[in-house]
Amino acid sequence: MTSSSRIHQRLRLQSAALEAATNSIVITSSDGVIEWVNPAFTELTGYTLDEAVGRSPGDLLKSGSQGPEYYERLWNTILNGQVWRGEITNRRKDGSLYTEVQTVSPVFDDDGNITNFITIKQDVTENRELQARLQQQAWYDELTGLPNRQLLGDRLEQVLRTAKRRHRTIALLYCGIDRIKMVNTTFGFEAGNAVLQAAAGRLRGHVRDMDTVARVGGDEFAILLPEVANAEDAGLVAERILEAFTQPLNISTDANAQPQTLSLSVSLGLSVFPGDTVAGTKLIQHAAEAMYSAKEEGRNQYRFFTHELTSRAQQRLALYNDLRQAINGEQFDLAYQPIFVANSPRMVGFEALLRWDRTGHGRVSPDTFVPMLEETLMIVPVGKWVLREACARLRSLRDAGYSSPSMAINVSKHQIADTEFVNTVERALTDFGLAPRDLTLEITESGLMSNVEGHTATLKALRELGVRISIDDFGTGYSSLSYLKQLPLDELKIDRSFVQDIPGDDQDEAIVRMILSLAHILDLTVVAEGVETQDQRAFLEQEGCDQIQGFLLRRPLEADDLEGFLGSPTP
């Protein structure tokens, strides 16, 4: 083969390689006019060879995503005989955008002059889109599109560095949506998600562009205010947010369904730099503690952080840890308070009351630890223990020859919501050989009203089993007559708060009379709690109360004292 033939063959192979290349290739003149493009270029951009030749890449593909300085650097580099490498966003013939990495190489003649430029382009659109999605997932909340806790922490650290250097004040607001769980249980989780999305929009709409609104937990948000004049200004922001949520939220979870109008509120906690702390994580923690304080004090309000809150939070954590140990170590016990017929010395039953001797602290009031059990759902396993322990005690009294009366047990709304609760009760009765009418289950009125429809089905199943159902603390939970008519109830218990000031308090006397009248119309037994004086007992007897319990008649008894209280067994 001659030298000429070899050159011709090499050129033909090189041309074929350029044609077959998967990356798009563009050859331009020294002044940037397109002279040739390969098929990969046509496939990527939509422009044919004839459409591209004679035009500049900038006129053909420019998207406007890069400023003049990008092209200025590119031309300065290649005109100086150097290779340019860079990423660029261009526009296809159909108008869609794509991202590519391009390498622009000068071509020289024998004298060293630039005659052409060869540009090799690699389409990286999918890679960049994947990177963007991964970044979105890493830094942003999927449901609301807000920054997540990680991005909030990153921005907070940046803001703190600036604030320390320039002696600025910054604030962090921690926001919790009140009673979002009620929305989930009533309307479903789709509605709950819609509420969170609407809340996110409302929060964004009431802060500045420079502020960061982030979703940091299930129903919790944080707002970073990088520049405030003082703590009072942060309080004004909190007031605006509270006011914003006075307007109902219109929630739609189905395109074919009517939107639900929901009235919700928020609770807010505020912490301020440099007054409260100098650390970003502490700023968030302090604001959260203040928010939880606002919730405990009634919700729909805001509170500033104080160091007293940290102490309270530490005490709550210690209480939580000790309760966990108490469950595992069987540190709980039961006391039993007798219940009597109002106008007779005859006892009709016991109420089992949970007691806890906390290690290092002695006996703790139920008002201190039961709310923690409820909040953390530890009440479910503890409640199951109470049920079986009370049934076991009643069984032991029967085995000892006592025809002892029934046993009343307090149950939580979380136990009632447990799908296995009816089976748990039935199993306890069977295991200890008790009749269903031996057991009365007491649920507070407020607990019942938290999910009337959901709880009613469970209560009906328990009633069909034969267990007696009682509403505890009646008069404090805002139940309606229509609900009382539908519920499978046997008795109402008048809350002690209405008993303590009778006789003498006209309002409490009227409330007690009303409860008695209403209950008797519905054929329900009425039990009055907290009877401590003869005057209270006389008033209740006169008004027709059926049963009473309280310190006047008998304080709660320890298990070992029950047989002595009951006297000799029934012959």
Mutual orientation of the aromatic rings belonging to Phe350 and Tyr336 [parallel < 30°, tilted 30-60°, perpendicular > 60°]: perpendicular
Non-neighbouring partners of Glu509 that pass side-chain hydrogen bond (donor to acceptor under 3.5 Å, both in side chains), sequence neighbours left out: none
Exercise: identify the closest heavy-atom pair between Ile471 and Thr444: CG2-C, 4.5 Å
Asp141/Arg149 salt bridge by N-O under 4.0 Å criterion: no
Side-chain heavy-atom pair Ile409, Thr440 within 4.5 angstrom cut-off: no
Ring pair (Phe, Tyr, Trp, His ring centres under 6.0 Å) contacts touching residues 412-440 (sequence neighbours left out): none
Electrostatic pair Glu491:Arg468 at N-O distance under 4.0 angstrom: yes
Lys/Arg cation over aromatic Phe340: Arg554, 6.0 Å, 45° cone: no
Full working for side-chain hydrogen bond (donor to acceptor under 3.5 Å, both in side chains) between Gln507 and Asp501: CA-CA 9 Å; Gln507 287 187 343; Asp501 291 328; over 6 Å; no
Working for salt bridge (charged side-chain N to carboxylate O under 4.0 Å, His left out), residues Asp399 and Arg395: CA-CA 6 Å; Asp399 292 343; Arg395 178 73 266 160; 3.1 Å; yes
Residues in side-chain hydrogen bond (donor to acceptor under 3.5 Å, both in side chains) contact with Glu239, at least two apart in sequence or another chain: Tyr302
Whether Thr376 side chain and Met372 backbone form a donor-acceptor pair below 3.5 Å: yes
N-O pairing of Arg363 and Glu558 below 4.0 Å: yes
Expected output: side-chain Asp508 to main-chain Asp505 donor-acceptor under 3.5 Å: no
Salt bridge Arg463-Asp490, side-chain N to carboxylate O under 4.0 Å: yes
Presence of salt bridge, Arg303 and Glu289, under 4.0 angstrom: no
Side-chain donor/acceptor of Ser470 to backbone N/O of Leu492, under 3.5 Å: no
